[in-house]
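To start, the structure under review is shown below, and the notes come after it.
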Amino acid sequence: MLDKAKVVSHQIMGDPCYKIMKLVLRTDIAREGQPGQFVHVQVATGLDPLLRRPISIADIDREARELTLLYRIKGKGTEVLAQVKAGERLSLMGPLGHGFTLPEQGELILVAGGIGSFPLLPLAKAARAKTIPVRLYWGGEDEDFFTSAGLGLWQDAGIPVSLSSMDGSIGAKGNVLDLIRENSSGSEAGQGAGCSVAVCGPQVMMKVVSEYFLQTGASVEVSLEERMGCAVGACLGCVCTLKDENSGKIRRGKVCQDGPIFQGKEVLWDYEQ
Amino acid sequence: MLDKAKVVSHQIMGDPCYKIMKLVLRTDIAREGQPGQFVHVQVATGLDPLLRRPISIADIDREARELTLLYRIKGKGTEVLAQVKAGERLSLMGPLGHGFTLPEQGELILVAGGIGSFPLLPLAKAARAKTIPVRLYWGGEDEDFFTSAGLGLWQDAGIPVSLSSMDGSIGAKGNVLDLIRENSSGSEAGQGAGCSVAVCGPQVMMKVVSEYFLQTGASVEVSLEERMGCAVGACLGCVCTLKDENSGKIRRGKVCQDGPIFQGKEVLWDYEQ
Amino acid sequence: MNSEKGGDNSMKKINLEVNLGPLALRNPVLTCSGTYGFGEEYAPYCPVDKLGGITLKGLTPEPRLGNPLPRLAETPAGMINSVGLENPGLEEFLHSYLPRVRELPTTVIANISGFSLQDYETMASAFQSGSGIDALEVNISCPNVKHGGMHFGTHPDSAEEVIALVKKKTDLPVIAKLSPNVTDIVEMAKAVERGGADIISMINTLLGMSIDIEKRQPLLANKVGGLSGPAIRPVAVRMVWQVAQAVKVPIIGMGGILTWQDAVEFMLAGAKAVSIGTGNFVNPLAPLEVIEGIEEYCRRQGFDAVEEIVGLAL
Amino acid sequence: MNSEKGGDNSMKKINLEVNLGPLALRNPVLTCSGTYGFGEEYAPYCPVDKLGGITLKGLTPEPRLGNPLPRLAETPAGMINSVGLENPGLEEFLHSYLPRVRELPTTVIANISGFSLQDYETMASAFQSGSGIDALEVNISCPNVKHGGMHFGTHPDSAEEVIALVKKKTDLPVIAKLSPNVTDIVEMAKAVERGGADIISMINTLLGMSIDIEKRQPLLANKVGGLSGPAIRPVAVRMVWQVAQAVKVPIIGMGGILTWQDAVEFMLAGAKAVSIGTGNFVNPLAPLEVIEGIEEYCRRQGFDAVEEIVGLAL
Ligand SMILES: Cc1cc2nc3c(=O)[nH]c(=O)nc-3n(C[C@H](O)[C@H](O)[C@H](O)COP(=O)(O)OP(=O)(O)OC[C@H]3O[C@@H](n4cnc5c(N)ncnc54)[C@H](O)[C@@H]3O)c2cc1C
Ligand SMILES: Cc1cc2nc3c(=O)[nH]c(=O)nc-3n(C[C@H](O)[C@H](O)[C@H](O)COP(=O)(O)OP(=O)(O)OC[C@H]3O[C@@H](n4cnc5c(N)ncnc54)[C@H](O)[C@@H]3O)c2cc1C
Ligand SMILES: Cc1cc2nc3c(=O)[nH]c(=O)nc-3n(C[C@H](O)[C@H](O)[C@H](O)COP(=O)(O)O)c2cc1C
Ligand SMILES: Cc1cc2nc3c(=O)[nH]c(=O)nc-3n(C[C@H](O)[C@H](O)[C@H](O)COP(=O)(O)O)c2cc1C
Ligand code: FES
Ligand code: FES
């Protein structure tokens, strides 16, 4: 759907140095959006920047037709987007891609690195709504980062969260995989088979976390990111490399259309050419 | 001077269909600006549009360091400019070019076509301040145009104004040259020699008005317009063609640096190549 | 025919049909190869049955995984891409894609590429009238591996040869797609006309590069890529204008079209049809808005048929 | 030399000097011919004594009134111009302009153009060391009237010949300015290197056109014009990157530089110096900001001298 969504609210979250924005939009896209899907946002009406920017759905209120986006100001596109004010309109394409799978049974473990928590939030809420047990392992820089990146939203939703920070200012000191290893020794998390894992964060982190959980026999989904042109599968700008489990055949997957959620076991993380 | 001028106020004037804006800026450029000079305004902070836009100084308040610009929304650049809000800042280069000459003696006759009245207003006020007799002949579309284009500003300044409109809804029916011819029969305006004339408007209008007054022996200045790149005389994008009165030699004048005000008798209006 | 005051034109029907030699289009607006997938991807946004036609992603005889990532980077008013001709290959296309493509309710142009004359021959032979494809666009901007990587599209003799070969092997209308990375575009256009091209489409992308100054390496994994989008429009319009004066075959103009005004520029410069590429990424409704805008322009300017405006700025 | 954590670098002095063969610049930032007049116009905005140098408006033997108006049109992230080499001519330049130019407290490069070999000979002979001009930039993008308007800058043999001639007639460092409107920029660069060019500057403008759809005619009176500004930067960076790998002479990179980041792109691609043209129109302080930005970039990335970053993305 292409929609001129109305900006309901738009503000910086927490410490401005993290440049994390919360953008709430009123749009019919909220009627259909699923956790893990994204929208393609036209950040400027002119030609600068030219291309739309993909942003994950971070919360959905179907009744109010409200979509929440959380994003970090990174470069020109998000800088321009951050100028948009409540009451103005933004052109959105969406909902795009394939979202996460809600497990039929067993626990759902979410693993986030940095702002990778954003697309996991609606998944956690959906799991909650279906009384699927869910918890989040989340690695980040320091305490202020977590508060600025919406830790409160997770707490409000009543999701158990374990944190690890690089400086040890909150949670365990170290990266998120250390945290998981620590927590899972003996617990069902690490035991594999029955549980489902959803991972989102920097590529290196998703790789190691995915490999770790796959070894335990868990079913793993990862949320990939690539630069996008069309976001509908038409330009082949955003592909990743996949290996068919059975045939071993290597093929490309379109992050925008076949993903951004992929089976961890299919992703070839370091494929070049 | 390059200055980040603060927007004091910015609003549409009169009937919105004429798309005429009044923009008041606080800037040190107001300390130096002269009637007939202009500023080169960066309308967008991004690349769209890329080039600055030249706009004449329409009023100067040296004490308050305020510069007034009046402009018509024409294309993309002025559309983007029109979005700027009070309190924001605009990058200005100026004051640029050479302004009008205030006559030492005799009457000053101003002739405007359409929004050509804008750069004439500060000249009229300067003349007024020096008790030089001054009047304006102004041709436009219809009554609403004049009110939207700042007729009130002229009346407030106490300048005698004669209007002609194409539809006869105000003033004389017809163009501004008809109006001048009518008014000047027998009066000093048409008698030439002693009086100074300043003309601004569409090129065809400036040409006929200039030729008319030159015949009467008046000294005529015209305000030329060309698309501009640098606005400081560095790119040769904006030239006009001049003929030296005595030598007959043809040369280019830079509208931005040598003008925008030129001697009517020097301008070759229809020179091609 | 050309009076702006000609009564109430607001309801006048404009004939939007254009005839590109053997190829007739219901309106002059196409979409570009490589930006419109296989015709279904944009369907939820822009109904293809309203378009003059679509051009499929470039195909080669063998399947290709294309270039490594990243493949895209944004540039001022444009973008560079190095997709590297990722495509399912001829066999898979015919088997899995063509059945759906032939159901598309619009004119469909296949875009074929190759790295040798043999490749082009294989591709051309596979497409004949009745196959569900209405015309063949020949992308000659690929390196010719047999000739040390020199490009077919930058040497008039090679270009002529490729087009003549394709023309011999298919009975479909043949569109020669020109690369702008040449000294003399007119020479290239004349060469493909000699080769028998029924139509010329232009321009393909300009070769460009962006560098990541923090990583101190090119932004694209492939280092160089093709520059497209509004940034290149002045180059494209200039080339169409030059070629329109030099050849008789009809021209499909493309390169940076985003709005109907952009499309009209190309038509006034001599293009009989236009094609939208990068513009779809910005505004998936661009093709529809361009069609409506061209129609309204004709109406306002007092024309009865869109073909009347072709080449008016020559 | 290259550690981002190397202590407090905030005050470290960076050596900004660059050596372009026989021409040494105090910093790598120049301004482009045709966009900086004769060096005085921008003085109230940007002190020339801070610049690496300036390039004067293109000069020809005879005075030229240039092309009719309009000469400029804006395009997406760029502009097209057809000034048509308006200039006072050699004699008037030497007489009325040079005395002021030689007082400019910076390196001054004269830019010479011609429509025949004779023209270039005349121009080159007029400039020798000690005349107040520090180097000669040879604009070879002009039509050669004797050869049916073919351009010196698009044929390697002509380009080599022009440069060799200029080189013979002047003892100043000779900069060959390349046109991007060619199939093979590397071939052109090698040709001017053979001709004896001390330095290569690139790129000149891309040929472009815009059409006024209401008037149904090209926006520029001259119909076609030169496209400059950020829009062309990817093409310019790509060409510098290609040429830097193929020749030994130092390169001055230009084409769409507006910010220091843009300048660093060119340097990483292999340019030893950069030049700002259209960027001045947007931000007259661009050259200063670029110098400061490059310095700060070197500091932050742990380099001691700006020359160290040249070609790091090759
Ligand atoms: C499916 C998907 C969902 C996303 N969801 C979110 C989200 O919920 N919140 C959020 O903050 N960000 C999200 N992103 C990333 C976001 O799209 C980029 O940060 C944004 O496009 C950067 O644009 P920019 O103009 O600000 O930065 P640019 O100036 O374009 O680039 C700044 C840096 O960001 C990187 N970058 C640019 N575009 C992308 C891209 N598409 N993917 C990855 N890196 C990129 C570049 O490498 C560059 O170093 C998502 C990306 C994808 C593909
Ligand atoms: C010295 C000078 C003083 C000016 N003072 C005023 C003023 O006080 N108030 C005012 O409303 N306008 C003034 N103008 C005209 C104003 O600069 C243009 O209207 C404006 O630049 C148009 O920009 P745009 O992007 O809105 O339109 P564009 O999309 O750029 O163009 C719209 C139309 O305006 C014409 N145009 C564009 N640029 C210029 C230009 N530089 N000169 C003439 N025509 C142009 C084009 O032909 C085009 O048809 C002045 C121009 C000059 C040269
Ligand atoms: C992502 C992308 C992929 C492309 N792939 C092809 C292709 O496979 N074959 C081809 O002939 N042209 C290809 N092109 C070029 C376009 O068809 C078109 O000629 C060019 O992009 C200029 O038009 P635009 O500025 O409207 O995009 C591609 C362009 C883009 C942006
Ligand atoms: C208005 C204008 C006039 C120019 N005149 C000349 C010239 O006389 N000689 C020349 O070699 N290049 C000339 N150029 C080209 C510039 O020197 C430069 O190569 C080109 O504009 C690319 O740089 P930019 O994108 O930074 O402007 C001119 C460019 C512009 C915009
Ligand atoms: S962004 Fe175009 S295919 Fe994914
Ligand atoms: S605008 Fe550059 S010389 Fe006048």
Side-chain angles (χ1 to χ4, degrees), chain A residues 1-4 29 32 40-54 74-77 80 91-97 203 224-243 249-258 268-273, chain C residues 31-46 54 56-58 63-88 92 219-222 225 228-231 233 256 258-259 277-285 288:
Chain A
M1 180 187 314
L2 181 68
D3 189 37
K4 284 251 171 209
I29 296 173
E32 297 165 27
H40 211 29
V41 187
Q42 187 169 23
V43 295
T45 43
L47 302 177
D48 186 29
L50 183 68
L51 299 176
R52 289 169 179 261
R53 296 293 190 269
K74 237 182 148 175
K76 181 182 253 183
V80 170
S91 169
L92 294 192
M93 291 167 73
L96 296 166
Q203 180 153 328
L224 300 188
E225 235 185 80
E226 253 318 320
R227 284 147 183 273
M228 290 189 177
C230 67
V232 298
C235 76
L236 305 180
C238 71
V239 302
C240 60
T241 312
L242 305 173
K243 185 172 179 170
K249 219 187 119 188
I250 287 172
R251 63 188 169 89
R252 300 288 198 191
K254 300 176 198 169
V255 172
C256 64
Q257 195 186 30
D258 306 328
L268 279 183
W269 297 97
D270 305 307
Y271 188 83
E272 281 277 332
Q273 170 49 29
Chain C
T31 56
C32 291
S33 177
T35 68
Y36 226 65
F38 289 103
E40 288 181 333
E41 294 81 353
Y42 271 110
Y45 297 91
C46 183
I54 60 156
L56 306 179
K57 173 65 193 166
R64 289 175 56 88
L65 285 175
N67 287 331
L69 284 285
R71 291 177 175 182
L72 303 181
E74 200 174 31
T75 66
M79 59 176 279
I80 49 176
N81 87 81
S82 67
V83 168
L85 281 174
E86 174 180 338
N87 80 92
E92 173 75 1
L219 263 163
L220 300 184
N222 187 49
S228 63
R233 197 167 64 237
L258 205 54
T259 66
T278 305
N280 295 299
F281 306 165
V282 181
N283 176 15
L285 283 176
L288 285 194

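Just so we're clear, the structure is a prediction, and the values are computed from it rather than from any experiment. Heavy atoms only: backbone and side chains are in, while hydrogens, waters and symmetry mates are out. Below, chains carry the letters A, B, ... as their sequence lines are ordered, and counting in each starts from 1.
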- [ ] Drop me the distance from Met93(A)'s CE to Asn283(C)'s CG, to the nearest 0.5 angstrom.
- [x] 9.0 Å
Task: Side chain, backbone, both or neither of Pro284(C) within contact of chain A (heavy atoms, under 4.5 Å) - done: side chain
Task: Closest approach of Ala234(A) to Thr35(C) (non-hydrogen atoms, all atoms of both residues) - done: CB-O, 3.6 Å
TODO: Answer with side chain, backbone, both or neither: which region of Thr75(C) has an atom nearer than 4.5 Å to a non-hydrogen atom of chain A?
DONE: neither
Task: Beyond-backbone contact of Leu236(A) with Arg71(C), side-chain heavy atoms, under 4.5 angstrom - done: yes
- [ ] May I ask you to test the Tyr271(A)-Pro68(C) pair for a side-chain heavy-atom distance under 4.5 Å?
- [x] no
Open item on the list: Distance check, rounded to the nearest 0.5 Å: Tyr36(C) atom OH versus Cys235(A) atom SG?
Closed with: 13.0 Å
Open item on the list: Under 4.0 Å between a side-chain nitrogen and a carboxylate oxygen: does that hold for Glu86(C) and Lys254(A)?
Closed with: no
- [ ] Looking only at non-hydrogen atoms, find the nearest pair between Leu69(C) and Val239(A) and report the distance.
- [x] CG-O, 3.3 Å
- [ ] Kindly say whether Leu50(A) contributes a backbone atom to a donor-acceptor pair with the side chain of Glu74(C) at under 3.5 angstrom?
- [x] yes
Open item on the list: If I measure from the heavy atoms of chain A, does Ala231(C) come under 4.5 Å with its side chain, its backbone, both, or neither?
Closed with: neither
Task: Tyr45(C), part contacting chain A, at a heavy-atom distance under 4.5 Å - done: side chain
Task: side chain to side chain contact (heavy atoms under 4.5 Å, CB included) assessment of Leu258(C) paired with Leu47(A) - done: CA-CA 10 Å; Leu258(C) 205 54; Leu47(A) 302 177; 3.4 Å; yes
Open item on the list: Heavy-atom cut-off 4.5 Å, strictly under: side chain, backbone, both or neither for Met228(A) against chain C?
Closed with: backbone
- [ ] Assess whether side chain to side chain contact (heavy atoms under 4.5 Å, CB included) is satisfied between Leu220(C) and Arg227(A), documenting all intermediate values.
- [x] CA-CA 11 Å; Leu220(C) 300 184; Arg227(A) 284 147 183 273; over 6 Å; no
